[in-house]
Amino acid sequence: MNNNILIIGASGQIGTELALYLRKRYPEAQIVASDIKEGIPELVENTTFELLDATDTDQVLNILKKYNINTVYIMAAMLSAVAEKVPMKAWDLNMTILLNILNIAKTHSDLKLFWPSSIAVFGKTTPKNAKQYTITEPNTVYGISKLSGERWCEYFKNNYNVDIRTIRYPGIISWKVAAGGGTTDYAVDIFYKALEQNNYECFLRKDSKLPMMYMDDALKATTDIMAHKEFKNYIPYNVAAMSFTPEDLAHAIRKERPDFSISYAPDSRQQIADTWPASFDDDYARQDWNWNHQFDIDSMTKEMLFHLNKKMTI
Ligand code: SER
């Protein structure tokens with residue numbers, strides 16, 4: 001069977017690394033990376049890169065046909081903090097891209113889809129350790145779009161037999177491409193500032209505990225769930241790795257860089273963080289498709305400092 005993979009939103013934080021990871025994991029596959037904006041040179045050199053506005057159904061259809069695509073990763077979305085500034089635009093963008101592909105998949109039964117959800121589906125009424133099945137009353141437009149998206153995915157799976165798979169990402173920490181517009185981004189920014197100036201002013205409170213994951217684990221989770229045989233039911237799987245506060249992270253950085261200091265100036269992103277759980281329970285993912293994380297706060301911190309240091313001195 002052919003293996004022609006399209007990544008939508010391939011120039012973003014996760015999309016870029018996902019495309020490069022798929023290139024390595026499936027050397028025989030055709031990897032088509034697409035985004036509304038150009039990606040980093042490493043991405044463009046190692047994949048077939050296409051400029052694509054995924055809100056335009058015809059453009060998506062053309063690419064699917066041109067490359068005989070059978071797998072699509074839908075990674076384009078507006079994240080939580082920036083979405084709060086333009087709620088209607090965020091809703092429109094996040095839902096249009098997903099619904100476009102779902103409607104295409106209705107009549108293209110050979111398509112296999114991945115669409116990520118988020119810890120943002122939880123809200124103030126969710127217990128601070130969120131189980132797979134718990135109260136989901138999101139308080140942000142990003143969370144509302146993710147929860148609605150999950151419901152649409154299940155609807156298309158049940159009613160039209162669309163093979164779509166979802167995991168709920170925690171905050172994703174990585175060094176290759178900057179994160180943009182999220183509430184968990186402090187856990188990326190802090191490493192740049194630690195290396196540049198040995199201190200960081202954090203936009204969340206020191207005790208604001210959130211679930212997080214290192215990029216390598218996120219890539220493994222994303223591609224493992226897609227490599228699994230078709231699931232009977234649609235489950236937007238929680239996938240957890242670690243949970244920490246800004247203070248915990250500063251402490252982990254200090255083990256590597258003892259002079260590092262941190263100060264706190266919470267802004268509007270604190271209100272978003274306050275609605276999310278401190279940790280979430282991923283028993284279903286571990287049981288159903290053997291999900292397992294590798295990186296904890298200390299090993300992630302070491303990797304981040306090592307790779308960013310190399311990147312910043314080139
Ligand atoms: N990292 C995302 C955000 O902060 C959560 O999925 O918006």
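One is the number of the first residue; the rest follow in order along the sequence. Quick caveat: nothing in here was measured; it's all calculated off a predicted structure.
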query = Does the ring center of Tyr73 lie less than 6.0 Å from the ring center of Phe114?
reply =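 Centroid separation for Tyr73 and Phe114: below 6.0 Å.
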message = Before we go on, tell me: are the rings of Tyr284 and Tyr133 under 6.0 Å apart, centre to centre?
response =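 Centroid separation for Tyr284 and Tyr133: below 6.0 Å.
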Neighbour count above 12 (heavy atom, 6.0 Å) for His307 NE2 = yes
key: Greater than 12 external heavy atoms within 6.0 Å of Lys311's NZ   = yes
Are [X] and [Y] close enough for a salt bridge, meaning some N to O gap below 4.0 Å?
{"X": "Glu154", "Y": "Arg151", "answer": "yes"}
{"X": "Lys209", "Y": "Asp248", "answer": "no"}
{"X": "Asp281", "Y": "Lys131", "answer": "yes"}
{"X": "Glu45", "Y": "Arg23", "answer": "no"}
{"X": "Asp259", "Y": "Arg257", "answer": "no"}
{"X": "Glu230", "Y": "Lys112", "answer": "no"}
{"X": "Arg25", "Y": "Asp224", "answer": "yes"}

ask   = Within the distance-only criterion (no hydrogens, no angle test), does the side chain of Asn139 pair as donor or acceptor with the backbone N or O of Lys124 below 3.5 angstrom?
value = yes
query = Do any N or O atoms from the side chain of Gln132 and from the backbone of Asn238 form a donor-acceptor pair under 3.5 angstrom?
reply = yes
task = Tell me whether the guanidinium CZ or amine NZ of Lys193 lies under 6.0 angstrom from the six-membered ring centre of Tyr200 and within 45° of its axis.
result = no
message = I'd like to know if the side chain of Tyr26 pairs up with that of Thr223 as donor and acceptor (distance under 3.5 Å, no hydrogens or angles considered).
response =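 No.
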query = With distance as the sole criterion, is a donor-acceptor pair present between the side chains of Ser80 and Thr140 under 3.5 Å?
reply =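 Ser80 vs Thr140: no donor-acceptor pair found between side chains.
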ask   = Hey, quick one: are Ile167 and Trp152 part of the same hydrophobic cluster, counting side-chain heavy atoms closer than 4.5 Å, chains of contacts allowed?
value = no
request  = Determine whether Trp276 and Ile172 fall in the same hydrophobic cluster, where Ile, Leu, Val, Met, Phe, Trp and Tyr are linked whenever their side-chain heavy atoms lie under 4.5 Å apart.
outcome  =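 The answer is no; the residues belong to distinct hydrophobic clusters.
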inquiry  = To the nearest 0.5 Å, what is the distance between CG on Leu195 and CD1 on Ile190?
reply    =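 Rounded to the nearest 0.5 Å, the CG-CD1 separation comes to 11.0 Å.
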request  = Anything under 30° is parallel, anything over 60° is perpendicular, the rest tilted; go ahead and classify Phe231 against Tyr237.
outcome  = tilted
